[in-house]
Novice: 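I'd like to ask some things about the structure below.
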Amino acid sequence: MQNIPSVDLRDFLSDDPKRKQKFVNEIGKAYEDIGFVALKGHFLDHELVDKLYASVKDFFNLPLETKEKYEIPGIGGQRGYVSFGKEHAKGRKEGDLKEFWHFGQYLKSDSKYNTIYPPNVEVAELPEFNSTGEEAYKMLEKTGIYVLRALSVYLGIDEFYFDKYVTEGNSILRPIHYPPITNEPKDAVRAAAHGDINLITLLMGAQGRGLQVQNHDGEWIDAIAEPDELVINVGDMLSRHTNNRLKSTIHQVINPPRELWGTSRYSIPFFMHPVADMELNCLENCIDQNNPKQFDDVTAGEFLHERLVELGLIK
């Protein structure tokens, strides 16, 4: 396999049971095999995508002292700005060559999670950045809910099983800026090899070469999406919950060839998290004699905290 499989969410949304089942089978098999798909038919239209990229570029073009006003201490980088080189992959000391922003969940005023999640940070200089970020967050979350419904069908559990866990989940929309590379990096890359923490990740911005996925043979495959596609992959939480039936695949963002060092890269992943008290214990129907239970019981909140410490975002 030299590229990741492509699927179309419109198949799952159709009234035709055969088309719906076709999508379920395709995405389920892809996630058992390589853990990544490119997805068409999502809820982000071209106008919203263009607006989001424009406002993200406007934000990262602000002076550093302006951006640093929005770097909030004490919350592990969960909302607002995280400056260049702060985050590193698990097991590495070198900071990744990127700066980023976090939009978090948009809760109703009476939600119990208002006392648990940090509030979103508003950029006074760019009102469009705030409103466009919220709109994109909600469309990506909606797309992710339908992907999880399809996976529930594939796993033989209730189609709406995940809805109650992700509707107010601790999901994060992360616009990333990989600035131009000005000096030969010693060991740092734009994003070192890693697995994602969350249930699934929906990625905008995989149209250019850079994102690579490791297959079963240890080979790195370029994951390049068409302009109208999102790249969606399984995270460690979903892999644990399904006893590794669905695979969380190691991936990386490599540095560009030297002639492209002078260019920025922008990438916008949506990390779909459940609520913190969701139990990630292996699903009973993913355990049998051939696949004994591989993971200890843990909640999503405990697992997230452990990983943020490993990433250097919580000291």
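These numbers were taken from a predicted model, which means no experiment stands behind them.
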Novice: Got a sec, which residues hit ring-ring contact (aromatic ring centres under 6.0 Å, His included) with Phe129, two or more places apart in sequence or on another chain?
Specialist: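 ring-ring contact (aromatic ring centres under 6.0 Å, His included) list for Phe129, sorted by chain: Phe59, Trp101, Phe103.
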Novice: Who pairs with Phe162 by ring-ring contact (aromatic ring centres under 6.0 Å, His included), at least two apart in sequence or on another chain?
Specialist: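 ring-ring contact (aromatic ring centres under 6.0 Å, His included) list for Phe162, sorted by chain: empty.
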Novice: Looking only at side chains, do Asn130 and Glu134 share a donor and an acceptor under 3.5 Å apart?
Specialist: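 The criterion, which ignores hydrogens and geometry beyond distance, is not satisfied for Glu134 and Asn130.
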Novice: Checking Pro63 now: which residues fulfil side chain to side chain contact (heavy atoms under 4.5 Å, CB included) with it, not counting sequence neighbours?
Specialist: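 In terms of side chain to side chain contact (heavy atoms under 4.5 Å, CB included), with neighbours along the sequence ignored, Pro63 is linked to Glu65, Thr66.
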Novice: Considering residues at least two apart in sequence or located in another chain, which fulfil the ring-ring contact (aromatic ring centres under 6.0 Å, His included) criterion with Tyr146?
Specialist: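 Listed in chain order: Phe43.
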Novice: What pairs of residues pass the ring pair (Phe, Tyr, Trp, His ring centres under 6.0 Å) test when at least one of them lies in residues 269-302, not counting sequence neighbours?
Specialist: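 Counting only pairs at least two positions apart or across chains, the ring pair (Phe, Tyr, Trp, His ring centres under 6.0 Å) contacts touching residues 269-302 are Tyr137-Phe270.
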Novice: How would you list, by chain and number, every residue that makes a side chain to side chain contact (heavy atoms under 4.5 Å, CB included) with Lys40, sequence neighbours excluded?
Specialist: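 Listed in chain order: Ser6, Asp8, Arg10, Glu226, Asp228, Glu229.
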Novice: Mind checking what makes side chain to side chain contact (heavy atoms under 4.5 Å, CB included) contact with His42, not counting sequence neighbours?
Specialist: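 Partners of His42 by the side chain to side chain contact (heavy atoms under 4.5 Å, CB included) criterion, ordered by chain and then number, come out as Leu39, Leu44, Thr143, Leu230.
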Novice: Can you tell me if His102 and Arg174 form a side-chain donor-acceptor pair at under 3.5 Å?
Specialist: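 A donor-acceptor contact under 3.5 Å links the two side chains.
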Novice: So, using salt bridge (charged side-chain N to carboxylate O under 4.0 Å, His left out) as the criterion, who are the partners of Lys51 when residues are at least two apart?
Specialist: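 By the salt bridge (charged side-chain N to carboxylate O under 4.0 Å, His left out) rule, Lys51 matches Glu135.
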Novice: Holding to salt bridge (charged side-chain N to carboxylate O under 4.0 Å, His left out), I want the full list of residues that pass it with Lys112, two or more places apart in sequence or in another chain.
Specialist: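 Counting only residues at least two positions away or on another chain, Lys112 forms a salt bridge (charged side-chain N to carboxylate O under 4.0 Å, His left out) with Asp277.
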Novice: If we ignore hydrogens and angles and just use 3.5 Å, is the side chain of Asn61 paired with the main-chain N or O of Lys57 as donor and acceptor?
Specialist: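 The answer is yes, because a donor-acceptor pair under 3.5 Å joins these two groups.
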Novice: Holding to ring-ring contact (aromatic ring centres under 6.0 Å, His included), I want the full list of residues that pass it with Tyr31, two or more places apart in sequence or in another chain.
Specialist: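 Tyr31 satisfies ring-ring contact (aromatic ring centres under 6.0 Å, His included) with no other residue.
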Novice: Between Phe23 and Phe12, does the ring centroid distance fall short of 6.0 Å?
Specialist: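 They qualify: ring centres under 6.0 Å apart.
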Novice: For Tyr106 and Glu141, which I'm curious about, is there any donor-acceptor pair between the side chains at under 3.5 Å?
Specialist: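 Not at all, the side chains of Tyr106 and Glu141 share no donor-acceptor pair under 3.5 Å.
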Novice: Assess whether a salt bridge exists between Arg307 and Glu310, defined as any Lys/Arg side-chain N lying under 4.0 Å from an Asp/Glu carboxylate O.
Specialist: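 Salt bridge present between Arg307 and Glu310.
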Novice: Quick one: list whatever passes side chain to side chain contact (heavy atoms under 4.5 Å, CB included) with Gln214, sequence neighbours left out.
Specialist: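 Partners of Gln214 under the side chain to side chain contact (heavy atoms under 4.5 Å, CB included) test: Trp220, Ile250.
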Novice: Flag yes if Ile172 and Leu238 sit in one hydrophobic cluster, no otherwise; membership is Ile, Leu, Val, Met, Phe, Trp, Tyr, and two members link when side-chain heavy atoms are under 4.5 Å apart.
Specialist: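 As far as the 4.5 Å side-chain criterion goes, Leu238 and Ile172 are not connected within one cluster.
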Novice: Taking Glu168's backbone N and O only, do any of them form a donor-acceptor pair with Tyr117's side chain (distance below 3.5 Å, no angle check)?
Specialist: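 Checked: pair present.
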Novice: Which pairs pass salt bridge (Lys or Arg N to Asp or Glu O under 4.0 Å) with one or both residues in residues 290-299, sequence neighbours excluded?
Specialist: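 Residue pairs with at least one partner in residues 290-299: Lys293-Asp297.
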Novice: Under a 3.5 Å distance rule, please check whether Glu99 uses its side chain to pair with a backbone N or O of His177 as donor and acceptor.
Specialist: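 Checking the backbone N and O of His177 against the side chain of Glu99, no donor-acceptor pair under 3.5 Å is found.
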